[in-house]
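What follows is one structure encoded as structure tokens, with my remarks underneath.
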Protein chains: 2
Amino acid sequence: MESYVKPQHEARAKIIKAMAHPSRLFIIEELSKHERCVGELTEMIGSDASTVSKHLSVLKNAGLVTDEKRGNSIYYSLRVPCIMQFMGCVEDVLSANAKQHNAILKCCKG
Amino acid sequence: MESYVKPQHEARAKIIKAMAHPSRLFIIEELSKHERCVGELTEMIGSDASTVSKHLSVLKNAGLVTDEKRGNSIYYSLRVPCIMQFMGCVEDVLSANAKQHNAILKCCKG
DNA sequence: TGGCTATTTGGCTAAATGACCAAATAGCAT
DNA sequence: ATGCTATTTGGTCATTTAGCCAAATAGCCA
């Protein structure tokens, strides 16, 4: 009966889980503009290089980004551009939340 | 400089994190068809009712679902339908992964 | 009131995650 | 070969997550 849930939702959840981190979302958004090497992303994010590297490997394992070694550096790019379209929907949720939050404040503070 | 990352990506990550679980994805998909009460979802998922209840509260806190008490039950429904459009993109990633996986198998097994 | 049914909350435990540092690896340049 | 730069890997630790069970809460009905 849990055949409803697995394995399709498990596979999807892995992809979505890989996106579910602020730094990884930043990376996705940045790569949607143009490819970047690890050093550039590290500087922008401000965490340890090893941390950023691990984030990239999470994204790569999920199939969200690809990497290509060129010269001394490894350049990452976004593999599936449609991901960025989703951000609009996420923003919708956020603004709906904000609206509701304001409504509650207004009603209770009078 | 990490103003690049926070707080916008933090807010988005919370939303996406709430989606990043097989059972919660199932719930989202199910609620996109029609509202459901906890008992129905519990039966479909096959976990403990308390577990499902907690999943629902994660989704509710993220602003992804709303609940409405009617009679003896609490009915949940999807608050932001655009979420389901994203699943198509997730499927794209999965099939791209599968294609690549097959290509690797083919090349190395001969 | 007392007994249902439906749902949530608290407590606990095992597992996963994310951060840092230190060390390893890979490639280019001298 | 040596050193330099870029990136990854391994180890450790604190935090979060997800599951179950037991108990609490809320609403309906007799």
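The chains referred to below are lettered A, B, ... by the order of the sequence lines, with proteins before strands, and numbering in each begins at 1. This structure is a prediction, so every number in the text was calculated from the model and none was measured.
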NA contact type, K54(A), heavy-atom cut-off 4.0 Å: base, sugar-phosphate, or nothing?
base
So what does Y75(B) touch, heavy atoms closer than 4.0 Å: a base, only the sugar-phosphate, or nothing?
nothing
In whole angstrom, what separates E10(A)'s CD from dG19(D)'s P?
10 Å
Quick one: are L56(A) and D67(A) in side-chain contact, heavy atoms under 4.5 Å?
no
dT17(D) phosphate, OP1 or OP2, under 4.0 Å from K17(B) side-chain N/O
yes
Passing candidate, salt bridge (Lys or Arg N to Asp or Glu O under 4.0 Å) with R36(A), options E43(A), E30(A), E68(A), E29(A):
E30(A)
Touch check for R24(B), heavy atoms < 4.0 angstrom, all strands: base, sugar-phosphate only, or nothing?
sugar-phosphate
Closest heavy-atom contact between I15(B) and A62(B)?
CD1-O, 3.4 Å
Sorted by position of nearest nucleotide on DNA chain C, 5' first, the leading residue of D48(A) and N72(A) is D48(A)
Nearest-angstrom distance from the residue atom CE of M19(A) to P of dT17(C)
16 Å
Checking all strands, does S47(B) fall into the base, sugar-phosphate, or nothing category for heavy-atom contacts under 4.0 angstrom?
sugar-phosphate
If you compare every side-chain N and O of H55(B) against the phosphate oxygens of dT8(C) (OP1, OP2), does one of them come in below 4.0 Å?
no
Protein-nucleotide distance (L59(A), atom CG; dG18(C), atom P), rounded to Å
11 Å
Answer yes or no: does a side-chain N or O of Y76(B) lie under 4.0 Å from OP1 or OP2 of dA6(C)?
no
For I16(A) and dA16(C), what is the distance between atoms CD1 and C1' respectively, to the nearest whole Å?
18 Å
Base, sugar-phosphate, or nothing: which does S73(A) touch, judged by heavy atoms less than 4.0 Å apart?
sugar-phosphate
In this structure, how many angstroms lie between the P atom of dT7(C) and the CD atom of E68(B), rounded?
13 Å
Can you tell me the distance, in whole Å, between the NZ atom of K14(B) and the P atom of dT17(C)?
20 Å
Whole angstrom value for the distance that separates P of dT9(C) from CG of N61(B)
10 Å
Closest approach to the side chain of H21(B), judged atom by atom: which nucleotide of dC20(C), dG19(D), dC21(D) is it?
dG19(D)
From C-beta outward on C37(A), which listed nucleotide comes closest to its side chain: dA26(D), dT7(D), dC20(D)?
dT7(D)
Heavy-atom check, side chain of S57(B) versus side chain of N61(B), under 4.5 Å:
yes
Indicate the atoms forming the closest heavy-atom contact of R79(B) with G63(B), along with that distance.
NH1-O, 2.6 Å
Separation of F26(B) atom CZ from dA18(D) atom C1', in whole Å?
18 Å
OP1 or OP2 of dT7(C) versus the side-chain N and O atoms of S53(B): is any pair under 4.0 Å?
no
